[in-house]
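Have a look at the structure that comes next, please.
Nothing fancy with the numbering, it's 1 onward along the sequence. In this text the structure is predicted, and so the values were computed from the model without any measurement.
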Amino acid sequence: MITRRFIKSSIIYSIAGALPMASAVILLPFYQSQLSIDQFGILSLYLAFAILIQIITTASFDASLYLHFHDFKNNLKELHRFISSAFITVLLVSAAVTVATIVIGPWVFAFWLPEDASFYPYGIMAMATGIFQSVVKVNNSRLQSEQRPMDYLIVNCSNFGFTVLFTVLGLHFYPSTLVGPIGGRMLAFLFTGSWILTSVFRQFGMIWDRTLLHSTLRYNAYQFLYQLQQWIIGYADRFIMVILVATADLGVYDFTIKCLLILDFVIAAVYNSFFPKVLSLASDQERKGTTPEINRYFHGLTSIVLILISFSIVTLPELLAFTKPEYAVSAYFIPWLALIYVMRPIRYYFSLPYNILKESKPLPIIFLLVSIAKLGLSVLLIRDYSIFGALTATLVGTLLETILMGTWMRHRFSFIFNWKKILLAPALFMIMVLVLEPLAHPYSFWIHVIYFITTVLLLAWLYRKEVPLVLKPFGKIFNQA
């Protein structure tokens, strides 16, 4: 049963979990005022490197801790030993990664990255950031497992505040350098991570039980592969771009992605708001599949996403006109990047079997195929088409992932839906952008307005039976007034 407390906790976890994304958006005006577009491109490499270090040093204990918490929750002594062992293992892996990175890092940076991307000091700072990010991530999993949403919110709000504060101060005192963006983030996670380690070891002691860890190694290895594949899909294209095209193009590409992060936040928030209800509806079924009631939630999500995207295409380029010219170039790529977000509701819909059936075994195979496809297309397209090549590779990878997720589990999960409301509206929007956007080169406000008006009219037609039901309560209020 979905309780009010569960819904409240889910909202808190969603908001707190989105704070890193929020900090990236909030800091964009400060970045563009103090950094060149080339520096912004280099910054994206350091941040991607920090996330890679985080994945390695986390050792997937963020996933396994949640699983084993429920296995040991009736044995507090074993639970405390496992939590302490998990954090100590993270520190041991971090020590090994630190040594290895210091040894091979300078060589890798010199071989792969441009001269502006030096290992000292920014590579070291990014590595330290990744290590303490892993501590925060594992602790977030612990707090969720212990059902402590307010503590989760406090820790992440504190880290959010530290990140914004130290970054802005760094940009102010060290303008036109990466000291603020990288050093400020490192200090924020250093403070938060140190605070977490102190409280964890004070509560659970410092115990390293290898026997307990053996029970989770296989699961951790599986999860590590999954997380590494996600990093490849999400960040590897930047390291390909830095070899094949100018760092300014990389900066424009990453800045465009950051500008649309707000869509990630809103889409995830809407999805998380109704997902518990979808799970509740599915749990009552013998033969798992979608129903008209489940589909209605995704009809609403699709409508919200299409309206948000079309509105963003109209407004964001206008806002970017107030940035530096080298950053304002990103306005041209906003509609093309938005096509990737159009597919997000469809991907959520076809990922239902993996959540409802708790079946994750096919995912590494699916993401391996997607990783290979995206890497191959990135190498082939980026050299000749630069940013458009990277966007095309991402769009094809997202399309492939959605198709594979939808077809892989069809023998165990029944997808019964109105294809016009789930597939047609996003498809027509994508065709409209693909056909009209070349005519808008380099930019046309009125063509973008056409996107928005057409989207509203299309949705009004598709949901012509539902719209009166939605407007009926407002009509009663108006008549009473």
Arg142/Asp62 salt bridge by N-O under 4.0 Å criterion: no
Verdict with reasoning, Ile37 to Asp249, per side chain to side chain contact (heavy atoms under 4.5 Å, CB included): CA-CA 8 Å; Ile37 196 67; Asp249 287 357; over 6 Å; no
Minimum heavy-atom distance between Ile102 and Pro106, given as atom pair plus value: O-CD, 3.3 Å
Between OG1 on residue Thr57 and CD1 on residue Ile131, distance to nearest 0.5 Å: 6.0 Å
Pairwise side-chain contact, Leu43 with Leu35, heavy-atom cut-off 4.5 Å (strictly under): yes
Sub-4.5 Å side-chain heavy-atom contact between Val164 and Phe160: yes
Separation of Ile294 CD1 from Leu352 CG (nearest 0.5 Å): 7.0 Å
Centroid-centroid distance, Trp195 to Phe191, less than 6.0 Å: no
Smallest separation among heavy atoms of Gly193 and Val135, with atom names: O-CG1, 3.8 Å
Neighbour count >12 (heavy atoms, 6.0 Å) for atom NZ, Lys288: yes
N/O donor-acceptor pair under 3.5 Å between Trp112 side chain and Phe239 backbone: yes
Neighbour count >12 (heavy atoms, 6.0 Å) for atom CZ, Arg148: yes
N/O donor-acceptor pairs under 3.5 Å from side chains in residues 399-407, not counting sequence neighbours:
unit_1: Glu401; atom_1: OE2; unit_2: Arg347; atom_2: NE; d: 2.6
unit_1: Glu401; atom_1: OE2; unit_2: Arg347; atom_2: NH2; d: 2.7
unit_1: Thr402; atom_1: OG1; unit_2: Thr398; atom_2: O; d: 2.8
unit_1: Thr407; atom_1: OG1; unit_2: Ile403; atom_2: O; d: 2.9
unit_1: Thr407; atom_1: OG1; unit_2: Leu404; atom_2: O; d: 3.4

Side-chain donor-acceptor pair present, Ser85, Asp209, cut-off under 3.5 Å: no
Geometric class of the Phe119/Phe109 ring pair [parallel <30°, tilted 30-60°, perpendicular >60°]: perpendicular
Thr89 side chain to Trp208 side chain, donor-acceptor N/O pair below 3.5 angstrom: yes
Under 3.5 Å: donor-acceptor pair, side chain of Ser84, backbone of Ile207: yes
Flag, side chain of Ser36 to backbone of Gln39, donor-acceptor distance under 3.5 Å: yes
Interatomic spacing from CG in Leu320 to OG in Ser330 - rounded to 0.5 Å: 6.0 Å
Side chain to side chain contact (heavy atoms under 4.5 Å, CB included) evaluation trace for Phe40 with Gln32: CA-CA 8 Å; Phe40 192 85; Gln32 71 86 27; over 6 Å; no
Plane angle bin for Phe350 and Phe415 - parallel if under 30°, tilted between 30 and 60°, otherwise perpendicular: perpendicular
Pairwise side-chain contact, Leu113 with Leu45, heavy-atom cut-off 4.5 Å (strictly under): yes
Heavy-atom side-chain contact between Gln223 and Ser64 under 4.5 Å: no
Minimum-distance pair of heavy atoms, taken over all atoms of Leu423 and Ile346: CD2-CG2, 3.9 Å
Donor-acceptor contact present, side-chain Asn295 to main-chain Thr290, <3.5 Å: no
Side chain to side chain donor-acceptor pair (under 3.5 Å) between Asn220 and Ser60, intermediate numbers included: CA-CA 5 Å; Asn220 284 31; Ser60 297; 5.6 Å; no
Val342/Val305 under side chain to side chain contact (heavy atoms under 4.5 Å, CB included): CA gap, chis, key distance, verdict: CA-CA 7 Å; Val342 171; Val305 168; 5.7 Å; no
Within 6.0 angstrom of Glu115 CD, more than 12 heavy atoms from elsewhere: no
Minimum heavy-atom distance Ile182-Thr129, with the two atoms named: O-OG1, 4.2 Å
Side chain to side chain, Leu52 and Tyr235, heavy atoms closer than 4.5 Å: no
Distance-minimising heavy-atom pair for Leu263 and Ser312: CD2-OG, 3.7 Å
Whether Ser118 side chain and Tyr120 backbone form a donor-acceptor pair below 3.5 Å: yes
Residue pair Phe189 / Ile196, side-chain heavy-atom distance below 4.5 Å: no
Phe274, Tyr348, Phe417 screened by ring pair (Phe, Tyr, Trp, His ring centres under 6.0 Å) with Phe298, the one that passes: Phe274
Distance (rounded to the nearest 0.5 Å) between Arg185 CZ and Thr167 OG1: 7.5 Å
Whether over 12 other heavy atoms sit under 6.0 Å from Phe275 CZ: yes
Tyr31 ring center near Phe255 ring center (under 6.0 Å): no
Interatomic spacing from OG in Ser141 to CD in Glu146 - rounded to 0.5 Å: 10.0 Å
Audit row: Leu171, Val168, side chain to side chain contact (heavy atoms under 4.5 Å, CB included) steps and yes/no: CA-CA 5 Å; Leu171 287 169; Val168 172; 5.6 Å; no
Test item: Ile304 and Ile267 side chains (from C-beta on) under 4.5 Å apart, heavy atoms: no
Gly234 backbone acceptor or donor facing Arg238 side chain under 3.5 Å: yes
Gap separating the CZ atom of Phe367 from the CG atom of Leu228, nearest 0.5 angstrom: 13.0 Å
Table please: side-chain donor-acceptor pairs of residues 22-30 below 3.5 Å, with sequence neighbours left out.
unit_1: Ser23; atom_1: OG; unit_2: Pro20; atom_2: O; d: 2.7

Validation row: Gln144, Tyr152 side chains within 4.5 angstrom (heavy atoms): yes
For the student: nearest non-hydrogen atoms of Leu260 and Ala338, plus distance: CD1-N, 4.0 Å
Side-chain donor/acceptor of Tyr222 to backbone N/O of Lys361, under 3.5 Å: yes
